[in-house]
Amino acid sequence: MLTLYNSLARGIEPFEPRKRGRVKMFTCGPSIYQRPHIGNYRTFLFEDILQRYLEYLEYAVERTLNFTDVEDKSIQEATKLNMDVLELAERNSMVFFRELVMLRIKPPDHNPRSSTSVEQAVSLIEELLKKGYAYWYRGNVYFDPLKFEGFGKLSRVDKSRWPQGKKRFHRDTYPGNRWNLGDFILWHGYRKGDTIFWDSPIGKGRPAWNVQDPAMAVQTLGFEIDIFCGGIDNMVRHHDYVIAVTESVSGKPLSRYWLHGAHLLVEGKKMSKSKGNIIYPDELQKAGHTPEEIRFFLMYRHYRKRLNFTYDKLKKTSAKLKLALGAVESLQGAAGTGTGDAGVRELTGRLRKDFERNMDNDLDVRLAFDDMLEVLLKLKRLADSGKVSPQDASDAVGELRKMDYVFQLLFTDNTAPHAVT
RNA sequence: GCCAAGGUGGCGGAGCGGCUACGCAAUCGCCUGCAGAGCGAUUACACUCCGGUUCGAGUCCGGACCUUGGCUCCA
């Protein structure tokens, strides 16, 4: 049985969807004002593995991956580049989709953008105003978290430290105070000189970040979903806000499971523009690595552990992948005598059991791969010495294919979760 | 400053109360016409430090030191 670490419970729990056999997943997408780096892809990759494993388990998965295309940062960046905000987003989203395909990440079922869910955001804001959670202040709309009873349940906010006096921030981002606790903005009312805004029932303006994700989630999946994912950095503030906004409106828990992926570091340090150590997938390709090698590197560590990127490590994991690929090739070419071998069948039988045991354990991809490789290498040796009959080889390869629907590393044409060979 | 994660052999990385992790690298041997790959073996006491619990501790408890991350937006 699949178990997952739920940030909400701070522990590993058995996975049970709300509706039998169906899973609704919301995965926080990239800020699209710049192109995604390998750290972003690590998170999308962990989500991809989750989706694929759920499909392997025969769940019908419906996934949303959103783009935050209109926000302070994107407006800033577009202004700097002298571009239209939406044009900038479009350019980066094309890069993103190209790289998704390259890394064999399954494209999402829904891909809303903040700019395409303004209506939904406005209706959430109207509802919050009506219910008294939100209020107008100098042309903007703010949310008062203290009005929402469950506030901070995800990141375990200490409400006794929450400022009681009203503090109003005009931007989502604000420098200064260590604990910027206080009300957060939902709607930026139009101001002279604004380059992007909408006409809406509540006036001219644009929705703020913390209402955009709720709007996109609700618009595509409704108020009750199964799994909400994102990078660990989103847990503390953003996801608590998302919960506050949606649950204040619906009165129902937004998501049963909250999963957060740990970050990727480069040479032991956080990637940042100022350090100049941001790495993009195409750089690794230029260095001679295949998409599968990049995918493998990024998924070959438990998703809740930090992953340190170094070229040396990439070289090592790539060698490991090559070893596996070579073994699969040997196995596929096996032409031993047709009698079959009990040892071979025993090994083949182990593949699936090991895989499911490891993946069920909060997606232990690393162990799942290592255990598979161990068995695979044993099979290869048997194949090399002519002990594997064509039928046994094809049985073993069939098992590998099923697992590789999740891994997406060994076979290139593996698009169905229950491939028949 | 506050919060969190972590400090394991040359490197990467498991284990989390007793039993060889493992992989890479290195060294030696076997095999191969060279190279590569493969096979086998070796690398004498690897677990940051100091206390404690225990018959027994990388593994539990307390403390110190160090590293990284978060506390502003960020996958």
Side-chain angles (χ1 to χ4, degrees), chain A residues 7 10 27-48 65-68 71-77 96 99 105 155-158 161 169 171-182 184-185 208-210 212-213 228-241 259-274 278-280 297-298 300-324 326-327 330 358 364 366-367 369-371 373-374 377 380-381 384-385:
Chain A
S7 299
R10 299 282 159 96
T27 54
C28 272
S31 323
I32 206 74
Y33 68 91
Q34 56 189 12
R35 54 181 299 207
H37 51 62
I38 57 171
N40 297 109
Y41 286 112
R42 184 196 182 197
T43 300
F44 304 136
L45 220 28
F46 121 67
E47 293 158 351
D48 185 56
L65 184 149
N66 68 301
F67 286 161
T68 304
E71 238 318 292
D72 293 352
K73 282 272 173 77
S74 60
I75 293 169
Q76 224 173 54
E77 184 74 10
F96 177 67
E99 290 178 339
I105 296 171
S155 72
R156 313 250 166 127
V157 167
D158 180 357
R161 291 178 62 194
F169 300 102
R171 289 147 43 90
D172 278 344
T173 56
Y174 27 83
N177 307 332
R178 188 174 299 142
W179 264 111
N180 266 310
L181 304 178
F184 61 90
I185 191 163
W209 186 46
N210 288 304
Q212 291 174 339
D213 275 21
F228 206 108
C229 301
I232 187 67
D233 52 286
N234 280 312
M235 183 174 100
V236 165
R237 198 54 60 80
H238 180 50
H239 285 167
D240 271 324
Y241 288 168
L259 270 58
H260 295 98
H263 279 181
L264 175 131
L265 305 177
V266 171
E267 303 284 355
K269 301 274 190 227
K270 187 181 169 170
M271 277 191 279
S272 74
K273 264 189 183 161
S274 57
I278 298 180
I279 297 178
Y280 302 99
F297 179 90
L298 293 174
Y300 189 56
R301 183 136 218 260
H302 195 269
Y303 74 92
R304 283 190 291 112
K305 286 189 169 179
R306 281 183 206 148
L307 172 63
N308 187 25
F309 176 89
T310 66
Y311 276 99
D312 186 52
K313 240 159 79 167
L314 174 58
K315 227 160 67 185
K316 282 177 179 167
T317 56
S318 297
K320 185 171 253 186
L321 180 58
K322 277 195 191 107
L323 192 64
S330 295
N358 289 316
D364 194 341
R366 187 188 189 100
L367 241 197
F369 188 89
D370 281 350
D371 283 352
L373 184 57
E374 196 188 318
L377 290 176
K380 176 209 184 286
R381 268 172 227 138
D384 287 347
S385 54

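Per chain, numbering begins at 1; letters A, B, ... match sequence-line order.
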Can you check the A:Phe44 CZ to B:A75 P distance for me, whole Å?
7 Å
Looking only at atom C1', what distance separates B:U27 and B:G9, rounded to whole Å?
16 Å
Using the P atom as the point on both nucleotides, what is the distance between B:G7 and B:G58, in whole Å?
15 Å
Looking at every strand, decide which applies to A:Leu264 at a 4.0 Å heavy-atom threshold: base, sugar-phosphate, or nothing.
base
Side-chain N or O of A:Arg306 less than 4.0 angstrom from OP1 or OP2 on B:A75?
no
Distance, nearest 0.5 Å, that separates CG of A:Asn66 from CG of A:Asp213
4.5 Å
On the nucleotide B:G12, are OP1 or OP2 found under 4.0 Å from the side-chain N or O atoms that A:Thr310 carries?
no
Provide the distance between the two C1' atoms, one in B:U8 and one in B:C22, to the nearest whole Å.
13 Å
What's the NZ-C1' distance between A:Lys316 and B:A14, to the nearest Å?
15 Å
In terms of the angle between their ring planes, are A:Phe228 and A:His239 parallel, tilted or perpendicular, with boundaries placed at 30° and 60°?
perpendicular
Whole-Å gap separating P (B:G13) and CZ (A:Phe309):
13 Å
Could you tell me if the ring centre of A:Phe46 sits under 6.0 Å from that of A:Phe44?
no
Round to the nearest Å and state the distance from A:Arg366 atom CZ to B:G23 atom P.
13 Å
Give a yes/no answer on whether the side chain of A:Arg381 brings an N or O atom under 4.0 Å of OP1 or OP2 in B:C39.
yes
Most 5' of A:Asn308 and A:Gly230 on RNA chain B, judged by nearest nucleotide:
A:Asn308
What's the gap between B:A41 and B:U54 when it is taken at their P atoms, as a whole Å value?
42 Å
Could you tell me how far apart A:Lys380 (NZ) and B:C39 (C1') are, to the nearest whole angstrom?
11 Å
Return yes if some donor-acceptor pair links the side-chain N/O of A:Arg366 with the main-chain N/O of A:Tyr300 below 3.5 Å, else return no.
yes
At under 4.0 Å between heavy atoms, what does A:Asn234 touch on the DNA or RNA strands: base, sugar-phosphate, or nothing?
sugar-phosphate
Once you round to the nearest 0.5 Å, how far does CG of A:Leu45 lie from CD1 of A:Ile105?
4.5 Å
Interatomic distance at C1', B:G40 relative to B:C31, whole Å:
11 Å
Side-chain atoms of A:Arg301 come closest, of B:G69, B:G23, B:A14, to B:A14
Heavy-atom nearest nucleotide on RNA chain B taken for A:Leu323 and for A:Ser31; more 5' hit belongs to A:Leu323
Please measure how far the C1' atom in B:C30 lies from the corresponding atom in B:U20, and state the result in whole Å.
24 Å
Taking the P atom in each of B:A64 and B:A25, what is the distance between them to the nearest angstrom?
42 Å
Regarding A:Gly261, tell me which of base, sugar-phosphate or nothing describes its non-hydrogen contacts under 4.0 Å with the strands shown.
nothing
Side chain of A:Lys305 only, heavy atoms from C-beta on: which candidate in B:A14, B:A75, B:U68 is closest?
B:A14
Would you kindly give the CG-to-P distance between A:Leu265 and B:U67, to the nearest whole Å?
15 Å
Look at all strands and tell whether A:His260 reaches a base, only sugar-phosphate, or nothing, counting heavy atoms closer than 4.0 Å.
nothing
Backbone of A:Ser155 reached by a side-chain donor or acceptor of A:Arg237 within 3.5 Å:
no
Closest nucleotide among B:C11, B:A75, B:C73 to the A:Arg237 side chain:
B:C73
May I ask you to verify if any side-chain N or O of A:Lys270 is less than 4.0 angstrom from the OP1 or OP2 atom of B:G70?
yes
According to a cutoff of under 5.5 Å between the ring centres and under 30° between the ring planes, does A:His263 stack with the base of B:G69?
no
Among B:A75, B:C73, B:C11, the one nearest A:Asp312 by side-chain distance:
B:C11
So what is the 5' to 3' dot-bracket string for RNA chain B, if pairs are Watson-Crick or G-U wobble with both distances under 3.5 Å, crossing pairs use [ ] and | means the partner sits on another strand?
(((((((..(((.....[...))).(((((.......))))).....(((((..]....))))))))))))....
With heavy-atom distances below 4.5 Å as the criterion, would you say the side chains of A:Leu65 and A:Pro30 are in contact?
yes
Syn if the chi torsion is within 90° of 0, anti otherwise; quick check, which is B:G58?
syn
Is the shortest side-chain N/O distance from A:Lys320 to OP1 or OP2 of B:C24 below 4.0 Å?
no
Please check if the side chain of A:Asn358 supplies one atom and the backbone of A:Asp364 the other of a donor-acceptor pair under 3.5 Å.
no
Distance alone, cut at 3.5 Å: any donor-acceptor contact between the side chains of A:His238 and A:Asn210?
yes
Scan for salt bridge (charged side-chain N to carboxylate O under 4.0 Å, His left out) pairs involving residues 307-320 of chain A, sequence neighbours excluded, and state none if there are none.
A:Asp312-A:Lys316, A:Lys320-A:Asp370
Whole-Å distance separating the NE2 atom of A:His238 from the P atom of B:C71
14 Å
With rounding to the closest Å, how many angstrom separate the C1' atoms on B:G17 and B:C11?
28 Å
Here the distance between atom C1' of B:A14 and atom CD of A:Glu374, to the nearest Å, is 13 Å
